[in-house]
Amino acid sequence: DDVRKEYWARVFDIGSILAFTSAVDNPNGRVGTLKVSWDSLPPETYEGRPARHYQLKMQYGLGQPPREDSLRLLAITTVTSDYWVVDLPVNFENRFAGIGRPRRQIPDSLRGEWAKMLALYERLGKGTIVKFTASGTIGENAQRATEYTRTMEMTGITEAPVDPAVFQIPAD
């Protein structure tokens with residue numbers, strides 16, 4: 001609620017990476033596989049500012065509840081995500097950029113792949129993600145596989161003077 005300046009401390013599940021981290025955080029979640037690769041692509045210009053461009057390819061499998069046909073295949077999600085990162089006068093974490101870290105410990109079998117994600121997150125954290133695109137398939141082998149595309153763009157980025165009094169701590 002922007003009017004009352006009240007905010008939830010929760011992660012918006014707007015991407016398959018967040019669905020993966022939610023599955024890891026769920027004590028009943030059944031994360032089976034994870035494959036991650038990422039690359040730095042040639043820099044671009046975004047809204048007149050130099051932007052670093054990264055591409056992530058991720059695939060993970062989640063266990064499915066027992067099905068009548070007793071087939072226990074993993075539901076596979078495959079995603080390709082692109083991130084454009086810009087250095088702004090004040091950089092901030094963009095909560096709509098579709099990244100997330102599990103609160104619980106990653107299973108031992110997935111740690112090597114998760115380390116690749118953390119290396120990318122380190123790069124993404126050095127600036128502000130101003131543009132994000134993701135496309136892929138959620139739940140291949142499941143009853144309802146879904147193809148999806150998600151985009152997020154910050155536009156109209158401008159600098160404005162800020163009153164230093166806003167940052168002063170009241171005496172009381």
Side-chain angles (χ1 to χ4, degrees), residues 2 7 9-25 29 31-62 74-142 144-162:
D2 271 342
Y7 305 97
R10 73 180 218 195
V11 176
F12 296 97
D13 189 354
I14 58 169
S16 57
I17 295 171
L18 295 175
F20 169 80
T21 58
S22 294
V24 170
D25 287 342
V31 179
T33 61
L34 174 64
K35 291 186 183 203
V36 174
S37 66
W38 65 271
D39 200 4
S40 296
L41 299 178
E44 298 179 25
T45 300
Y46 185 81
E47 295 235 333
R49 299 170 189 266
R52 296 178 299 283
H53 183 185
Y54 301 99
Q55 185 174 76
L56 165 72
K57 293 186 180 196
M58 178 179 184
Q59 181 183 69
Y60 63 87
L62 301 179
L74 293 176
I76 303 295
T77 293
T78 305
V79 62
T80 299
S81 302
D82 285 86
Y83 301 89
W84 288 263
V85 180
V86 169
D87 292 322
L88 298 175
V90 176
N91 290 318
F92 61 92
E93 179 183 347
N94 188 336
R95 303 288 293 214
F96 295 96
I99 61 175
R101 290 179 179 83
R103 290 181 218 119
R104 293 172 55 100
Q105 190 167 0
I106 294 285
D108 289 344
S109 61
L110 307 179
R111 284 198 188 163
E113 293 298 305
W114 188 251
K116 295 176 190 177
M117 288 286 285
L118 293 178
L120 173 61
Y121 285 0
E122 186 176 325
R123 297 268 182 112
L124 295 177
K126 294 180 180 172
T128 299
I129 299 170
V130 294
K131 183 177 177 183
F132 162 72
T133 65
S135 61
T137 304
I138 298 172
E140 188 177 319
N141 296 333
R144 292 187 204 127
T146 304
E147 290 191 25
Y148 75 100
T149 300
R150 291 186 174 97
T151 60
M152 180 283 309
E153 289 190 61
M154 290 176 60
T155 59
I157 302 168
T158 60
E159 295 179 35
V162 177

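Along the sequence shown, the residues carry numbers beginning at 1.
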*Yes or no on side chain to side chain contact (heavy atoms under 4.5 Å, CB included) for Val79 and Tyr148, after CA distance, side-chain angles and deciding distance?*
CA-CA 9 Å; Val79 62; Tyr148 75 100; 2.7 Å; yes
_Criterion side chain to side chain contact (heavy atoms under 4.5 Å, CB included) on Arg52 and Asp87, from CA distance to verdict_ = CA-CA 9 Å; Arg52 296 178 299 283; Asp87 292 322; 3.1 Å; yes
*CA sep, side-chain torsions, deciding dist, call: Met152, Asn94, side chain to side chain contact (heavy atoms under 4.5 Å, CB included)*: CA-CA 10 Å; Met152 180 283 309; Asn94 188 336; 3.3 Å; yes
*Which is it for Val86 and Glu47 under the side chain to side chain contact (heavy atoms under 4.5 Å, CB included) test, yes or no, and what are the steps along the way?*
CA-CA 10 Å; Val86 169; Glu47 295 235 333; over 6 Å; no
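Of all non-hydrogen atoms in Pro102 and Thr21, the two that sit nearest each other are CD-CG2, 3.5 Å. Taking each heavy atom of Ile76 and Gly61 in turn, the nearest pair found is CD1-CA, 3.8 Å. When all heavy atoms are compared, the tightest approach of Val31 to Ala23 is CG2-CB, 3.8 Å.
At a threshold of 4.5 Å between non-hydrogen side-chain atoms, the residues Arg123 and Tyr83 do not count as touching. With a 4.5 Å cut-off on side-chain heavy atoms, Leu74 and Leu62 do not count as touching. A heavy-atom distance below 4.5 Å is found between the side chains of Met58 and Met117. With contacts defined as side-chain heavy-atom distances shorter than 4.5 Å, the pair Met154/Thr128 qualifies. For the pair Tyr46 and His53, the minimum side-chain heavy-atom distance is 4.5 Å or more.
Gln55 is linked by a side chain to side chain contact (heavy atoms under 4.5 Å, CB included) to Leu41, Lys57, Thr80, Asp82, counting only residues two or more places apart in sequence or in another chain.
Judged by distance alone, with hydrogens and angles left aside, the side-chain atoms of Glu113 form a donor-acceptor pair with the main-chain N or O of Val36 at under 3.5 Å.
Residue Leu34 forms a side-chain contact (heavy atoms from CB on, under 4.5 Å) with just one option from Val24, Leu110, Ile106, and that option is Leu110.
The distance from atom CD1 of Ile129 to atom CH2 of Trp84, rounded to the nearest 0.5 Å, is 11.5 Å. Put simply, NZ on Lys116 and CG on Leu56 are 11.0 Å apart, with the number rounded to the nearest 0.5 Å. With rounding to the nearest 0.5 angstrom, the CD atom of Glu140 is 9.0 Å from the OG1 atom of Thr77.
Aromatic rings from Phe20 and Trp114 are positioned such that their centres are separated by under 6.0 Å.
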